[in-house]
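Protein chains get the first letters and strands the later ones, always in sequence-line order, with residue 1 at the start of each. Treat the numbers as computed from the prediction; the structure is a model and nothing was measured.
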There are 2 protein chains.
Amino acid sequence: MDALTIGQLGRATDTKIETIRYYEKIGLLPAPRRTAGNYRSYAAEHLQRLGFIRRTRDLGFTIEQVRELLKLAAHGEKPCEEVDQLVVRHLEVTERKIAALTRLRRELRETLDSCQGGRIAECRVIQALSPPTAARKKRVLGSRT
Amino acid sequence: MDALTIGQLGRATDTKIETIRYYEKIGLLPAPRRTAGNYRSYAAEHLQRLGFIRRTRDLGFTIEQVRELLKLAAHGEKPCEEVDQLVVRHLEVTERKIAALTRLRRELRETLDSCQGGRIAECRVIQALSPPTAARKKRVLGSRT
DNA sequence: TCTTGACCCTGTAGCGACTACAGGGTCCTA
DNA sequence: TAGGACCCTGTAGTCGCTACAGGGTCAAGA
Ligand SMILES: [Zn+2]
Ligand SMILES: [Zn+2]
Ligand SMILES: [Zn+2]
Ligand SMILES: [Zn+2]
């Protein structure tokens, strides 16, 4: 008997109950049948599907990408190119995020290095956080492209 | 004369007009005086302050942190410890994000490496995206902690 | 039998940080 | 006087949940 309540399914997949109901509402997880008392009753397919959803979400795919992956997984006879493409694109996005955050980290470290203690008025950290404005003003008053 | 329209201020700080109005609504940027035709008219302080806001936002600080930094910057006589602490904490958050994304990248690469082309039904990528469910079922049916 | 408490239901509103309209008004130039 | 670029307010949408409020259901214990 593989009938799970929503709470059991949540514990099984490390998912909050509200999240499961949310996935149902947006059509990501199919609505299960109901008991006499109107409780949701999940079967093995739901467990499998929600597991897939959680895993891919944890890997950072968007809901729309998860939807795509689920659709592809259901068409086992097609070549796996599309699947791999999706993963490749997400890998690229992830790499760009890492690069951006790494630049950020460097800037924050440099900012901190500039502080030698003292009063805020003289602190180079605050100065480093203020962008140079002189050059900008000129640009503005000039063209309006 | 340093009176800027909202459009000029936006170009000067690379900020969308809607965002400037949003910052005003949430009390991050003070409301400027108005012209006879009810247009916002910004002065040099606004340019300076919005510049600071954008720079700190670009560095990934939250709006609440920006608020804090602005408050601190206005109290130049205090020691700069609090400022530096804020930056340190944000640096730590940034480092944790980088670590998490790096783990993600490794998982995505490993997943992709497993694919050798073929049909989706046999593709290891899809399998790698499906979590093992057998162990989980047992846990669930057991305790309900 | 009654009550407690754990669980479940629906529906709505909130988060952060914007962004995108809709439906107007103003200003400058030709 | 007309056009177009600019500005105004207000509201709703984005993403992916999360947190209630105000109920109903169910099983075990006194
Ligand atoms: Zn098919
Ligand atoms: Zn300092
Ligand atoms: Zn002070
Ligand atoms: Zn493949």
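Rounded to an integer number of Å, the gap from CZ of B:Arg67 to C1' of C:dA17 is 12 Å. Remark: P of C:dC7 and CG of A:Leu4 are 15 Å apart, rounded to the nearest angstrom.
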| message | Run B:Ile20 and B:Lys16 through side-chain contact (heavy atoms from CB on, under 4.5 Å) and show every step you take. | response | CA-CA 7 Å; B:Ile20 298 177; B:Lys16 298 212 166 135; over 6 Å; no
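Residues in residues 97-129 of chain B take part in no ring pair (Phe, Tyr, Trp, His ring centres under 6.0 Å) pair, two or more places apart or across chains. A salt bridge (charged side-chain N to carboxylate O under 4.0 Å, His left out) check over residues 88-99 of chain B, counting only residues at least two apart or in different chains, returns the pairs A:Arg109-B:Glu95.
For the side-chain contact (heavy atoms from CB on, under 4.5 Å) criterion with A:Arg67, the lone passing option out of A:Ile53, A:Ile26, A:Thr62 is A:Ile26.
Counting non-hydrogen atoms under 4.0 angstrom, B:Ile17 reaches the backbone sugars and phosphates but no base.
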Pairs under 3.5 angstrom, nitrogen or oxygen only, protein versus nucleotides 28-30 of chain C, please.
none

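Applying the ring-ring contact (aromatic ring centres under 6.0 Å, His included) test to A:Tyr22 and every residue at least two apart in sequence or in another chain returns nothing. Listed by chain and residue number, A:His90 satisfy the ring-ring contact (aromatic ring centres under 6.0 Å, His included) test with A:Phe61 (two or more places apart in sequence, or in another chain). The side chain to side chain donor-acceptor pair (under 3.5 Å) search around B:Glu24 returns B:Arg40, not counting sequence neighbours. Considering only residues two or more places apart in sequence or on other chains, A:Arg124 meets the side chain to side chain donor-acceptor pair (under 3.5 Å) condition with none of them. For the side chain to side chain donor-acceptor pair (under 3.5 Å) test, residues two or more places apart in sequence or in another chain that qualify with B:Tyr23 are B:Arg54.
Between its two ends, the helix from C:dT1-D:dA30 to C:dA30-D:dT1 turns its axis by 30°, counting five pairs per end and rounding to 10 degrees.
Residue A:Glu82 qualifies as open at atom CD: its count of foreign heavy atoms under 6.0 Å is 12 or below.
Of the side-chain N and O atoms in B:Thr5, none sit less than 4.0 angstrom from OP1 or OP2 of D:dC6.
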Atom pairs and distances, donor-acceptor, side-chain atoms in residues 110-123 of chain B, under 3.5 Å, two or more places apart:
from	atom 1	to	atom 2	distance (Å)
B:Thr111	OG1	B:Glu107	O	2.7
B:Ser114	OG	B:Thr111	O	2.5

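Note that the CZ atom of B:Arg57 and the CG atom of A:Leu129 stand 13.5 Å from one another [nearest 0.5 Å].
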| request: Give the B/S/- string for nucleotides 11-23 of chain D, one per nucleotide from 5' to 3', where a protein heavy atom under 4.0 Å of the base yields B, of only the sugar-phosphate yields S, and otherwise -. | output: B----BBBB----
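A heavy-atom distance below 4.5 Å is not found between the side chains of B:Asp2 and B:Tyr42.
Non-hydrogen atoms lying under 4.0 Å from DNA chain C are contributed by A:Arg34, A:Asn38, A:Tyr39, A:Arg40, all within residues 33-43 of chain A.
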